[in-house]
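Worksheet: the structure to be examined is printed underneath.
A note on names: the letters A, B, ... follow the listed sequences, proteins ahead of strands, and every chain is numbered from 1. Just so you know, these numbers use all the heavy atoms, side chains as well, and skip hydrogens, waters and symmetry mates.
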Amino acid sequence: MSEEQSQDSSDLFEQRRLKLERLREKGIDPYPLRAECTHSTAEAIRMLEEWKEKGGEDGPPEVVKLCGRMMSVRVMGKASFAHIADGSGRFQTYVRLADEGVDAETYELFKRDLDIGDIIQVEGTLFFTRTGEPSLRVTKLTLLAKSLRPLPEKWHGLKDVETRYRQRYVDLIVNEDARRVFVTRSHIVAALRRFMDSRGFIEVETPVLQPIYGGAMARPFTTYYHALDQEVFLRIADELYLKRLIVGGLDRVYEICKDFRNEGVSSHHNPEFTQLEVYQAYADYHDMMSLAEDAFSHVAEVVLGTVRVSYQGHELDLTPPWRRLPMRDGILEETGIDIYQAPTVELLRQRVEDQGLDVDPQPTRGSLVDEIFSEYVEPKLIQPTFITDFPLEISPLAKKKPDNPDLVERFELFIGGLELGNAFSELNDPVDQRERFMEQGRQREAGDDEAHPMDEDYVRALEFGMPPTGGMGWGIDRMVMLFTDQSSIREVILFPHLRTKGAPS
RNA sequence: GGGCCGUUAGCUCAGCCUGGUUAGAGCACCUGCCUUUUAAGCAGGGUGUCGCUGGUUCGAGUCCAGCACGGCCCA
């Protein structure tokens, strides 16, 4: 009965359900409690190759147990090959009828009731096939978990971007490149933590839910804290909390965490993203440049084994020191406009028009400078570059330059055309800070939704005295893009946010 | 928010421009053969809500409109 259904059934899912029932009828638990693995597949390959180097015949006599997901099957009459995959790689298994432990019933089970995608445990001895592939001669076969859904095609894999993101588990099963990106991401973050720790920084955790957001210019997500009967914001940055810790005497702190900005999604922006922020007392933005150079080149060396990174067809050299380019010089080079000769927004608008530049209208001189820069200079910044000397009005948390109070001690870091990071000599004058917040309030009145809100408690902290401090933040997602040569941020985020669709089938 | 493109079998894709038998291919799957294969091979089998809703038409996967989701570009 079930055999006929199996033959007739058009539904692959239903076919596998029938196999599941058949297994249960045979007294086989398709989801047993425990597995036993003596080696990973990578370890098995190493073991076999060492045996061969020592001049051993066939393979080592010891019995090994390997576990993994069946990724391919080749049945040839009374002998069959299958590849299993675990976290370390792939390995070929060989099942032959009438071999030790393989009676007709076992072989039939392998042929009829197992499918690509099933998770199995195989026990046996290692050997090389005629073609030299490391393999396991199976003497015992155990099903660890039956798979009810067919995997994507073995050759083309899963390409549909939407399905890859919505069902990342399938992407990770079949696309080795996807797996590689996320393993590399983990290595990058681990190497970064070790680097920061080695420099005497301590890792801290600050609030995700904040009564006042700050530390960046962005729109926040809002939510509601019922116990306190209060609206709260998901953090757009950790900056103001970390600097409170500097005030408190934790001289070197960093945090690697998710920040949230309620803004557009693009190939370089995800509303929920991971940032590193680091603050160092008795330091300034020059020290942050050195720290960035050291951190990037160190992590590249550890993770990639080189400081030369290939990104989207460009060869990037992360060897310190990196280029320092004042924003004014960058804009002058690319547009012919000297922003120092245009001290008001009206004059700058006039210069933009004279040069025939195509930029969106901006409410303030600072934001217009920023816009010109983004449009004409940013895409040219391929090799690592610190852009320095930012306009005061878009930098409410940075110290003024002593020789030019319209500018601040701030840099942004660009590599491969990506904006990677942002750093200041942190403003520690509480009176100046209060005035800057007031000015931001006026910009908000003038229509700038991203203006920085007033934070009285933060000003109070500064009033207790904050040492001269260098601070920096950088995007971990973009760093991973750079190190894994990905052009879309969604390729380095495991579960990028997509609009909800109907219930998955 | 705007423009362009996409959505067909479990997966990867043809078919649409120029409407017309029962919607195709490869892989996967099912049946049979095959004892070192590896994109195994040989023989047979098509398993489908052509994204959704409506319209035009004698007739729509194909043309039109709206909607949904996604991608790229712009904002």
TODO: Have a look at A/Phe127 and say if it touches a base, only the backbone sugar-phosphate, or nothing, with a 4.0 Å heavy-atom cut-off.
DONE: base

Task: Atom C1', compared across B/U12 and B/A28: separation rounded to whole Å - done: 11 Å

- [ ] Using a heavy-atom cut-off of under 4.0 Å over every strand shown, decide if A/Leu151 touches base, sugar-phosphate, or nothing.
- [x] nothing

- [ ] Using a heavy-atom cut-off of under 4.0 Å over every strand shown, decide if A/Gly264 touches base, sugar-phosphate, or nothing.
- [x] nothing

Task: Euclidean distance, atom CD of residue A/Glu153 to atom P of B/U47 [Å, nearest integer] - done: 20 Å

Task: Distance in angstrom units between A/Asn262 CG and B/G1 P, rounded - done: 13 Å

Open item on the list: Checking base pairs now: Watson-Crick or wobble, both atom distances under 3.5 Å. What partners B/C17?
Closed with: none

Open item on the list: Can you tell me the base-pairing partner of B/C67? Count Watson-Crick or G-U wobble geometry only, both distances below 3.5 Å, and say none if there is no partner.
Closed with: B/G51

Open item on the list: When you measure only distances, ignoring hydrogens and angles, does the side chain of A/Glu133 come within 3.5 Å of the base of B/U37 through a donor and an acceptor?
Closed with: no

- [ ] For B/U7 versus B/G46, give the span between their P atoms, rounded off to a whole number of Å.
- [x] 26 Å

Open item on the list: Using heavy-atom distances to pick each residue's nearest nucleotide on RNA chain B, tell me which of A/Thr129 and A/Leu158 is more 5'.
Closed with: A/Leu158

Open item on the list: Distance criterion of 3.5 Å, no angle test: do you see the side chain of A/Arg130 paired donor-to-acceptor with the base of B/U36?
Closed with: no

Task: Test salt bridge (charged side-chain N to carboxylate O under 4.0 Å, His left out) applied to A/Glu491 and A/Arg185, A/Arg164, A/Arg180, A/Arg478, the passing residue - done: A/Arg164

Open item on the list: Let's test this: given Watson-Crick or G-U wobble pairing with both distances under 3.5 Å, identify the partner of B/G59.
Closed with: none

- [ ] Classify the nucleic acid contact of A/Asp360 as base, sugar-phosphate or nothing, counting any heavy atom under 4.0 Å across all strands shown.
- [x] sugar-phosphate

- [ ] Check every strand shown and say whether A/Arg490 touches a base, only sugar-phosphate, or nothing at a heavy-atom separation below 4.0 Å.
- [x] sugar-phosphate

Open item on the list: Measuring from the side chain of A/His156 (C-beta onward, heavy atoms only), which nucleotide among B/U12, B/G10, B/C69 has the closest atom?
Closed with: B/U12

Open item on the list: Measuring to OP1 and OP2 of B/C30, would you say a side-chain N or O of A/Lys19 lies under 4.0 angstrom away?
Closed with: yes

- [ ] Determine the interatomic distance between P on B/C4 and the same-named atom on B/G61; round to the nearest Å.
- [x] 25 Å

Task: Among B/C34, B/U36, B/G71, the one nearest A/Tyr94 by side-chain distance - done: B/U36

TODO: Could you check how far NE2 of A/His497 sits from P of B/G71, rounded to whole Å?
DONE: 12 Å

Open item on the list: Taking the C1' atom in each of B/A68 and B/C52, what is the distance between them to the nearest angstrom?
Closed with: 7 Å

Task: A/Trp155 CH2 - B/C11 C1' separation (whole Å) - done: 15 Å

TODO: For A/Glu371 and for A/Val75, locate the closest nucleotide of RNA chain B by heavy-atom distance; then report the residue assigned to the nucleotide nearer the 5' terminus.
DONE: A/Val75

TODO: Using atom CD1 of A/Ile116 as one end and atom C1' of B/G10 as the other, report the distance to the nearest whole Å.
DONE: 12 Å

Open item on the list: Could you tell me how far B/U57 sits from B/C64 if I compare only their C1' atoms? Round to whole Å.
Closed with: 12 Å

TODO: Return the value, rounded to whole Å, for the distance between atom CZ of A/Phe110 and atom C1' of B/U35.
DONE: 13 Å

- [ ] Give a yes/no verdict on a cation-pi contact between A/Lys52 and A/Phe128, requiring under 6.0 Å between NZ or CZ and the six-membered ring centre and an angle within 45° of the axis.
- [x] yes

Open item on the list: Strictly below 4.0 Å: does A/Arg74 bring a side-chain N or O up to OP1 or OP2 of B/G41?
Closed with: no

Open item on the list: Mind checking if A/Val174 touches a base, just sugar-phosphate, or nothing, with heavy atoms under 4.0 Å?
Closed with: nothing

Open item on the list: Roughly how many Å apart are B/C29 and B/C11, using the C1' atom of each and rounding to a whole number?
Closed with: 12 Å

Task: Min side-chain heavy-atom separation A/Tyr213-A/Pro453 under 4.5 Å - done: yes

Task: B/U53 to B/C13 separation - P atoms, rounded to the nearest Å - done: 25 Å

Task: side-chain N/O A/Arg149 vs B/C11 OP1/OP2, d < 4.0 Å - done: no

Task: For B/U31, the Watson-Crick or wobble partner whose two distances fall under 3.5 Å - done: B/A43

Open item on the list: In terms of relative ring orientation, are A/Phe296 and A/Trp474 parallel, tilted or perpendicular, with 30° and 60° separating the classes?
Closed with: tilted

Task: Phosphate contact (B/G10 OP1 or OP2) by A/Arg16 side-chain N/O below 4.0 Å - done: no

TODO: Determine whether the side chains of A/Arg74 and A/Gln92 contain a donor N or O and an acceptor N or O closer than 3.5 Å.
DONE: yes

- [ ] Can you tell me the distance, in whole Å, between the CZ atom of A/Phe81 and the P atom of B/U37?
- [x] 6 Å

Open item on the list: For B/C72, give the paired nucleotide (Watson-Crick: N1-N3 plus N6-O4 or O6-N4; G-U: N1-O2 and O6-N3; both under 3.5 Å), or none.
Closed with: B/G3

- [ ] Sticking with atom C1', work out how far B/C5 lies from B/U47, rounded to a whole angstrom.
- [x] 31 Å

Open item on the list: Less than 6.0 angstrom separating the ring centers of A/Phe424 and A/Phe390, yes or no?
Closed with: no

Task: Shortest side-chain distance from A/Leu12, nucleotide among B/U36, B/G71, B/C29 - done: B/C29

TODO: Kindly state whether the ring of A/Phe91 and the ring of A/His83 have centres lying under 6.0 angstrom apart.
DONE: no

TODO: Would you kindly give the CZ-to-P distance between A/Arg499 and B/U7, to the nearest whole Å?
DONE: 20 Å

Open item on the list: If you only use heavy atoms from C-beta on, which nucleotide in B/U35, B/G10, B/C73 is closest to the side chain of A/Ser267?
Closed with: B/C73

TODO: State whether the side chain of A/Gln312 and the backbone N or O of A/Asp485 hold a donor-acceptor pair below 3.5 Å, judged by distance alone.
DONE: yes

